[in-house]
Amino acid sequence: MPGRTCSALSFLVLTIAVSVPLGHAQGKKPLAKPTEKRDIYPANVDAKAEIAEALANAAKTHRRVILVFGGNWCYDCHVLDAAFHSPEIEPTLNKNFVVVHVNIGEFDKNLAIADKYGVPLQRGVPASAVLGSDGKVLFSQKHGEFEAARSMATDDVLAFLNKWKP
């Protein structure tokens with residue numbers, strides 16, 4: 001049937017297009033793969049207390065807070081964390097932001113915190129929100145922008161950080 005062939009061909013083209021990382025297609029430097037598995041989302045951390053501490057630190061140092069929702073099981077969370085520690089990104093991040101990793105467990109932990117900051121976890125993780133040092137939400141991901149971090153380029157992360165720095 002012609003309709004099925006066209007649909008199958010369209011699916012194949014879409015699959016190929018989606019599988020080509022954005023940064024690669026534009027000739028940008030892709031984010032590095034994580035070289036170690038880190039415990040970036042410890043199980044027994046009080047996320048509310050950690051956010052309060054980060055906000056106090058940000059107020060003293062004139063920075064903003066980035067909340068990164070995810071879990072240790074999430075490969076893209078590790079890719080984004082590795083990017084945050086890369087020599088190209090870390091200086092901009094540390095100068096302008098305090099990062100808080102918020103553990104979502106198996107989508108069964110700290111969900112009320114994600115709701116409070118307007119981060120729809122059903123779009124995927126890692127998911128983020130940027131807060132002013134007063135706790136006001138300046139940005140919250142609505143479209144899963146980081147959920148495919150493995151397909152992002154260094155320039156994409158730097159553009160995000162530069163857009164939301166103080």
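Here, residue 1 is the first one in the sequence, and each next residue gets the next number. Below, all heavy atoms of this structure are taken into account, side chains as well, without hydrogens, waters or symmetry copies.
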Check: [Y] main-chain N/O paired with [X] side-chain donor or acceptor under 3.5 Å:
X: Lys33; Y: Ala82; result: no
X: His78; Y: Asn72; result: yes
X: Asp156; Y: Ala153; result: yes

Q. For residues Asn110 and Asn103, is any side-chain donor paired with an opposing acceptor at under 3.5 Å?
A. no
(Q) Using the side chain to side chain contact (heavy atoms under 4.5 Å, CB included) definition, which of the options Leu93, Ile40, Leu31 pairs with Phe84? (A) Leu93
Q) What residues, two or more places apart in sequence or in another chain, satisfy side chain to side chain contact (heavy atoms under 4.5 Å, CB included) together with Glu147? A) none
Check [X] against [Y] and note the closest heavy-atom contact, atom names and distance.
X: Tyr117; Y: Leu67; result: CD1-CD1, 3.5 Å
X: Cys74; Y: Cys77; result: SG-SG, 2.7 Å
X: Ala54; Y: Val65; result: O-CG2, 3.7 Å

To the nearest 0.5 Å, what is the distance between [atom1] on [X] and [atom2] on [Y]?
X: Thr92; Y: Phe160; atom1: OG1; atom2: CZ; result: 13.0 Å
X: Leu138; Y: Lys165; atom1: CG; atom2: NZ; result: 15.0 Å
X: Phe69; Y: Ser140; atom1: CZ; atom2: OG; result: 9.5 Å
X: Ile89; Y: Leu158; atom1: CD1; atom2: CG; result: 5.0 Å
X: Leu80; Y: His101; atom1: CG; atom2: NE2; result: 7.0 Å
X: Lys95; Y: Leu161; atom1: NZ; atom2: CG; result: 12.5 Å

Q.
Are more than 12 heavy atoms, taken from residues, nucleotides or ligands other than Lys142, located less than 6.0 Å from that residue's NZ atom?
A. yes
(Q) With clusters defined by side-chain heavy atoms of hydrophobic residues (ILVMFWY) lying less than 4.5 Å apart, directly or transitively, does Phe146 cluster with Val100? (A) no
Q | Passing option when Arg63 is tested against Asn57, Asn94, Asn96 for side-chain hydrogen bond (donor to acceptor under 3.5 Å, both in side chains) | A | Asn57
Q: Check the angle between the aromatic planes of Phe107 and Trp73 and answer parallel, tilted or perpendicular using the 30° and 60° thresholds.
A: tilted
Q: Could you list all the salt bridge (Lys or Arg N to Asp or Glu O under 4.0 Å) pairs where at least one residue sits in residues 71-88, not counting sequence neighbours?
A: Lys29-Glu88, Arg38-Asp81, Asp76-Arg150
(Q) Show me the pairs that pass salt bridge (Lys or Arg N to Asp or Glu O under 4.0 Å) and involve residues 103-126, at least two apart or across chains. (A) none
